[in-house]
Amino acid sequence: MKVVFISDLHLSEEKPELVRSFLYFLEHQARSAHSLYILGDLFDLWVGDDCMQPWHFEIARALKQYSRQHGLYFIKGNRDFLIGKQFCDLAGFTLLSDYTVITVDQIKILLLHGDTLCTKDRSYQLYRHFVHSKIVRFIYSKLSKKIKLKIANKIRQISGKSQQNYYNNKYNAQTVSIKDAQPEAIVKTMQQFNVKYMIHGHTHRPGEWTHQIMLKDNVSADATRIVLGDWRDTSWWVLEYTDGVFKQESHPVIKL
């Protein structure tokens, strides 16, 4: 059985080549998969279901078409945590919880976006706690579309600058380490869910790591953590699972 995992596409109207690449991916590479899991940040920023634009509906239609013949699952990311029921219904998403354990060929795998693992990034964790609070979400829901868009543009500017600094290696090693998933949080989370496999995105550092964990039967085990690659101007990443083997590869962006 073939299962596909992606995250951190950061689709936006300003990057039509990424949108085109995603539509191509759904029509071709993902077509042979049994299921597709999108682990957050499908969009660069989601203002709200009430602020959808024509290109959002185009993506929703393509996803809905895909969902008619395949399993389609979604975990919200830090950029698109405001995605609601309206878009999920339009896209045919099965919305998963922030921490979801799936079983593929008798292999238990913990899926998550990954931002909660970056526990040393104090400023981000405070921001995450703030925007996810019920009172803030309630107040935001009462704002006009115009104000929501202004807030979104400001957040996009700040996030975009931070992302470019990361890509351009303007962060020192200590800063990069702080923004990365922390070993203690990784081990604690895998032990909490009693799994030997974890897949997440968010950090934009694709690869595979081994961690030593203690399972609930007090047996020490090697655990595998796979970090999904992000989609950017030049390439996009896909993780495929087929018959017990994980393989992650990058592909060139489809030019317009």
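Only heavy atoms go into these numbers, but all of them, side chains included; no hydrogens, no water, no symmetry mates.
Heavy-atom minimum distance, Ile38 versus Leu63: CD1-CD2, 4.3 Å. Shortest non-hydrogen contact noted between Val227 and Gly201 is CG1-O, 4.5 Å. Minimum interatomic distance between Asp222 and Lys196 (heavy atoms only, all atoms of both residues): O-CD, 4.0 Å. Ala223 and Ile213 get closest at one heavy-atom pair: CB-CD1, 3.8 Å. Ser235 approaches Ser250 most closely through the heavy-atom pair CB-CB, 4.4 Å. Closest approach of Tyr66 to Gly71, counting heavy atoms only: CE2-O, 4.1 Å.
The backbone N or O of Gln53 sits less than 3.5 Å from a side-chain atom of His56, completing a donor-acceptor pair. Distance alone, capped at 3.5 Å, is enough to place a donor-acceptor pair between the Gln191 side chain and the Met214 backbone. Proximity of a side-chain donor or acceptor of Asp105 to a complementary backbone N or O of Ile107 within less than 3.5 Å is not detected. Between the side chain of Tyr241 and the backbone N or O of Gly244 there is at least one donor-acceptor pair closer than 3.5 Å. Formation of a donor-acceptor pair under 3.5 Å by the Trp231 side chain with backbone atoms of Trp237 is found in this model. Of the possible polar contacts, one joining the Gln125 side chain to the Cys118 backbone as a donor-acceptor pair under 3.5 Å is found. At least one donor-acceptor pair under 3.5 Å links the side chain of His113 to the backbone N or O of Leu39. With hydrogens and angles disregarded, no donor-acceptor distance shorter than 3.5 Å links the side chain of Tyr140 to the backbone of Leu82. A distance-only check finds a donor-acceptor pair linking the side chain of Arg79 to the backbone of Asp44 [under 3.5 Å]. For Gln182 (side chain) and Ser177 (main-chain N/O), a donor-acceptor pair under 3.5 Å exists by modelled atom type.
At most 12 non-hydrogen atoms from other residues, nucleotides or ligands lie less than 6.0 angstrom from CZ of Arg122. More than 12 non-hydrogen atoms from other residues, nucleotides or ligands lie less than 6.0 angstrom from NZ of Lys64. Applying the 6.0 Å contact sphere to OH of Tyr24 captures no more than 12 heavy atoms from other residues, nucleotides or ligands. Atom NZ of Lys120 has 12 or fewer neighbouring heavy atoms from other residues, nucleotides or ligands inside a 6.0 Å radius. Heavy atoms of other residues, nucleotides or ligands lying less than 6.0 angstrom from NE2 of His251 number more than 12.
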Practice problem: Would you sort out whether Phe87 and Phe43 count as a ring pair (Phe, Tyr, Trp, His ring centres under 6.0 Å), showing the intermediate values? | Solution: CA-CA 12 Å; Phe87 183 80; Phe43 296 101; 5.5 Å; yes
Run the numbers on Lys76 and Leu95 for side-chain contact (heavy atoms from CB on, under 4.5 Å), then give the verdict.
CA-CA 8 Å; Lys76 297 179 182 182; Leu95 184 63; 3.9 Å; yes
#### Entry: CA sep, side-chain torsions, deciding dist, call: Asp50, Lys148, salt bridge (charged side-chain N to carboxylate O under 4.0 Å, His left out)
CA-CA 10 Å; Asp50 59 332; Lys148 287 181 180 178; 3.0 Å; yes
Notebook entry, point to check: After noting the C-alpha distance and the side-chain angles of His204 and His10, does the key distance pass the ring pair (Phe, Tyr, Trp, His ring centres under 6.0 Å) rule?
Noted result: CA-CA 11 Å; His204 300 189; His10 296 279; 5.3 Å; yes
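Taken together through direct or relayed side-chain contacts under 4.5 Å among Ile, Leu, Val, Met, Phe, Trp and Tyr, Met52 and Leu18 form part of one hydrophobic cluster. Linking ILVMFWY side-chain heavy atoms closer than 4.5 Å, directly or via other members, places Trp55 and Ile83 in a single hydrophobic cluster. Ile147 and Ile135 end up in the same hydrophobic cluster when Ile, Leu, Val, Met, Phe, Trp and Tyr side chains are linked at under 4.5 Å. The hydrophobic cluster containing Leu239 also contains Tyr197, counting ILVMFWY residues as joined when their side-chain heavy atoms lie under 4.5 angstrom apart, directly or transitively. Hydrophobic clustering keeps Ile199 apart from Phe193 (ILVMFWY residues linked when any side-chain heavy atoms are closer than 4.5 Å, directly or through intermediates).
Using a 3.5 Å distance cut-off with no hydrogens or angles, the side chains of Asp121 and Ser123 do pair a donor with an acceptor. Between Thr224 and Glu208, the side chains place no donor N or O within less than 3.5 Å of an acceptor N or O (distance only, hydrogens not considered). A donor-acceptor contact closer than 3.5 angstrom is absent between the side chains of Glu27 and Gln65. A donor-acceptor contact under 3.5 angstrom links the side chains of Thr116 and Tyr99, judged on distance only. A side-chain donor-acceptor contact under 3.5 Å links His202 and Asn78.
Residues Gln29 and Val238 are in side-chain contact: their nearest non-hydrogen atoms beyond the backbone lie under 4.5 Å apart. Using a 4.5 Å heavy-atom threshold, the side chains of Thr203 and Leu117 count as separate.
To the nearest 0.5 Å, atoms CG (Leu143) and NZ (Lys150) are separated by 12.0 Å. For the atom pair CZ (Phe22) and CD (Glu58), the distance works out to 11.0 Å, reported to the nearest 0.5 Å. Between Asp98 atom CG and Ile75 atom CD1 the span is 7.5 Å, to the nearest 0.5 Å. In this structure, Asn194 CG and Leu110 CG are separated by 11.0 Å, a value rounded to the nearest 0.5 Å. Residue Asp41 holds its CG atom at 10.5 Å from CZ of Phe81, rounded to the nearest 0.5 Å. Here the straight-line distance linking atom NE2 of His200 with atom CZ of Arg225 works out to 4.0 Å at 0.5 Å rounding.
Tested against Phe25, the residues Leu9, Ile254, Val4 include a single side chain to side chain contact (heavy atoms under 4.5 Å, CB included) partner, Val4. Checked options Glu249, Gln248, Lys2; the residue passing with Glu240 is Lys2 (criterion: side chain to side chain contact (heavy atoms under 4.5 Å, CB included)). None of Trp46, Phe93, Phe5 except one satisfies the ring pair (Phe, Tyr, Trp, His ring centres under 6.0 Å) rule with Phe74; the exception is Phe93. Of the residues listed (Tyr37, Phe246, Tyr73), the one engaging Val3 in a side chain to side chain contact (heavy atoms under 4.5 Å, CB included) is Tyr37, and it is the only one.
Residues forming a salt bridge (Lys or Arg N to Asp or Glu O under 4.0 Å) with Asp8 (at least two apart in sequence, or on another chain): none.
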